[in-house]
Each structure stands twice: as structure tokens, then as C-alpha cells.
Colleague: 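The structure is given below, and queries will be raised subsequently.
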Amino acid sequence: MDTAANPAPALRGGGQAVDFRGETHRTVLQRMGLTPELRRVETGGSPMRFVDERGRTLLHLPAEFAGGEIEVLRGDLAQVLYEHSRPHTKYIFGDSITRLTETPSGVRVDFQQGVSRDFDLVIGADGLHSNVRRLAFGPEEDYVSHLGYYAAT
Ligand SMILES: Cc1cc2nc3c(=O)[nH]c(=O)nc-3n(C[C@H](O)[C@H](O)[C@H](O)COP(=O)(O)OP(=O)(O)OC[C@H]3O[C@@H](n4cnc5c(N)ncnc54)[C@H](O)[C@@H]3O)c2cc1C
């Protein structure tokens with residue numbers, strides 16, 4: 001789906017897991033006051049065991065290896081961040097950015113629905129094929145490298 005042409009009318013759920021691990025992640029979550037809420041919705045992860053044809057363990061991966069210290073489904077994380085920030089954040093759904101223009105005092109942002117607004121700072125957090133990055137830096141082919149994965153047999 002072209003997200004820029006069809007912006008979501010409400011908070012989007014769904015998606016896969018997001019992992020948090022290590023001191024930096026821990027500190028950020030603590031400073032944001034999110035750790036208890038994320039603990040409530042974390043997946044818990046599960047350890048993995050690779051076995052041969054006789055059931056003998058070849059490799060054991062602890063839960064933290066795949067799931068980090070806290071693993072949360074993307075939709076749950078979005079919901080927690082949304083609820084947490086709602087009292088002091090204005091959310092606009094069903095709209096998308098069409099143009100960014102740097103001004104002496106910040107950035108003028110034109111929206112699809114026809115409104116223009118001035119901001120001190122614009123942060124692009126709109127995923128892999130980011131509309132904001134495209135508007136700021138040009139077509140993603142110019143700066144995203146597409147890596148292939150090869151499995152040795
Ligand atoms: C199969 C799979 C398994 C994964 N497993 C793991 C895992 O185990 N651990 C892990 O840490 N990560 C995992 N990931 C990766 C993880 O899900 C992503 O890294 C993470 O969701 C990226 O977050 P994000 O906020 O950058 O982007 P997104 O979660 O994609 O959020 C971007 C948001 O921007 C909005 N948006 C997009 N375009 C526009 C627009 N033009 N206008 C307005 N809004 C827009 C979207 O609606 C969306 O809400 C997995 C991913 C996949 C696909």
C-alpha cells in the first residue's frame with residue numbers, strides 16, 4: 001500500500017516484534033517511564049533448541065538471544081507510546097506530509113489535506129520506505145542499499 005497516498009485513519013496495530021536489549025535501551029525506557037508498561041505487554045520470548053534426527057541438541061539459543069531483554073509486539077509498543085504521550089502530544093491521523101521547506105526559524109511542513117504548519121524540528125519515524133526521508137533527501141534508491149541474504153548449503 002502507498003502509505004503516503006493512503007495515510008492511516010487511526011493508530012496502526014500489527015507488525016512483528018521489537019526487541020530492547022543492553023544498557024542504552026534500558027536507560028531510555030527508564031527515563032521515558034515505560035519499563036513497567038512494556039513489562040506488562042512483553043511477549044516473554046521463548047528459548048530455541050535445534051536438534052538432529054535423533055533428538056540430540058545441536059544448538060540451544062536462550063530466549064534473550066532472539067527476544068532481547070524485553071520483546072514487545074510492534075502494535076503493543078505503538079499503543080503504549082501513544083497512550084503515554086497523548087496528554088502532551090497532538091496526533092494527526094489520515095494525513096501525510098507532501099513538502100518540507102527549511103526556513104530561518106525551523107521547517108515549514110505542507111500536509112496532504114492542504115494545511116501548512118511551522119515546526120522547530122521534523123523527525124522522520126515513518127518506517128522503512130520513509131516519506132519524510134524521501135522528501136528531505138530524494139528517492140530512496142539514492143541512499144538505501146538493498147542487501148541480499150545468501151544461505152550456504
Ligand atoms: C517479519 C519481521 C520480523 C521482525 N522481528 C523483529 C524482532 O524479533 N525484533 C526486533 O527488534 N525487530 C523485528 N522486526 C523489525 C521491527 O518490527 C521494525 O524494526 C520496527 O517495527 C521499525 O519501527 P519503525 O517505527 O521504524 O517503523 P514502523 O513500525 O513501520 O512504523 C512506521 C509508522 O509510520 C507510519 N507511516 C508510514 N508512512 C507514512 C506516511 N507517508 N504518512 C504518515 N504516516 C506514515 C506507518 O503507518 C507506521 O505507523 C521484524 C520485522 C519483520 C518484518
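Values below: all heavy atoms of this structure, side chains included; hydrogens, waters and symmetry mates excluded. Each ligand, and each atom within it, is numbered from 1 in the order the structure gives.
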Colleague: Show which atoms of ligand 1 fall inside a sub-4.0 Å distance from at least one heavy-atom site of Arg74.
Modeller: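 Here the atoms of ligand 1 in question are 21 (O), 28 (P), 29 (O), 31 (O), 48 (C), 49 (O).
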
Colleague: Pull out every atom of ligand 1 sitting under 4.0 Å from any heavy atom of Ser96, numbered as shown with elements.
Modeller: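 Checking each atom against Ser96, I get 40 (C), 41 (N), 42 (N).
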
Colleague: For Asn131, take its heavy atoms, then give the atoms of ligand 1 lying under 4.0 Å from any of them.
Modeller: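 Counting atoms of ligand 1 from 1, those under 4.0 Å from Asn131 are 41 (N).
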
Colleague: I'd like to know if Arg40 and Glu37 make a salt bridge, using a cut-off of under 4.0 Å between side-chain N and carboxylate O.
Modeller: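 Here Arg40 does not pair with Glu37 in a salt bridge, since their nearest N and O are not under 4.0 Å apart.
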
Colleague: With respect to Arg12, determine whether any N or O atom, backbone or side chain, lies less than 3.5 Å from an N or O atom of ligand 1.
Modeller: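 Yes; the residue has a nitrogen or oxygen that sits under 3.5 Å from a nitrogen or oxygen of the ligand.
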
Colleague: Just by distance, no angles: are the side chains of His25 and Glu69 close enough, under 3.5 Å, to form a donor-acceptor pair?
Modeller: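 Per modelled atom types, His25 and Glu69 side chains form no pair under 3.5 Å.
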
Colleague: Could you work out, for atom 16 (C) of ligand 1, the closest of Ala17, Gly124, Gly15, Gly68 by heavy-atom distance?
Modeller: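 Shortest heavy-atom distance from atom 16 (C) of ligand 1: Ala17.
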
Colleague: Is any N or O atom of Val18, backbone or side chain, closer than 3.5 Å to an N or O atom of ligand 1?
Modeller: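 Between Val18 and ligand 1, no N or O pair is found under 3.5 Å apart.
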
Colleague: Would you say that more than 12 heavy atoms from the other residues, nucleotides or ligands in this model lie under 6.0 Å from the CZ of Phe137, or not?
Modeller: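 Atom CZ in Phe137 is not packed in, count stays at 12 or less.
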
Colleague: Hey, are the side chains of Leu73 and Thr43 touching, using non-hydrogen atoms and a 4.5 Å cut-off?
Modeller: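 Sidechains of Thr43 and Leu73: in contact.
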
Colleague: Can you name the residues that form a salt bridge (charged side-chain N to carboxylate O under 4.0 Å, His left out) with Arg49, not counting sequence neighbours?
Modeller: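 Here no residue qualifies.
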
Colleague: Distance under 4.0 Å to a non-hydrogen atom of Ala125: what atoms of ligand 1 satisfy this?
Modeller: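 Here the atoms of ligand 1 in question are 32 (C), 33 (C), 34 (O).
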
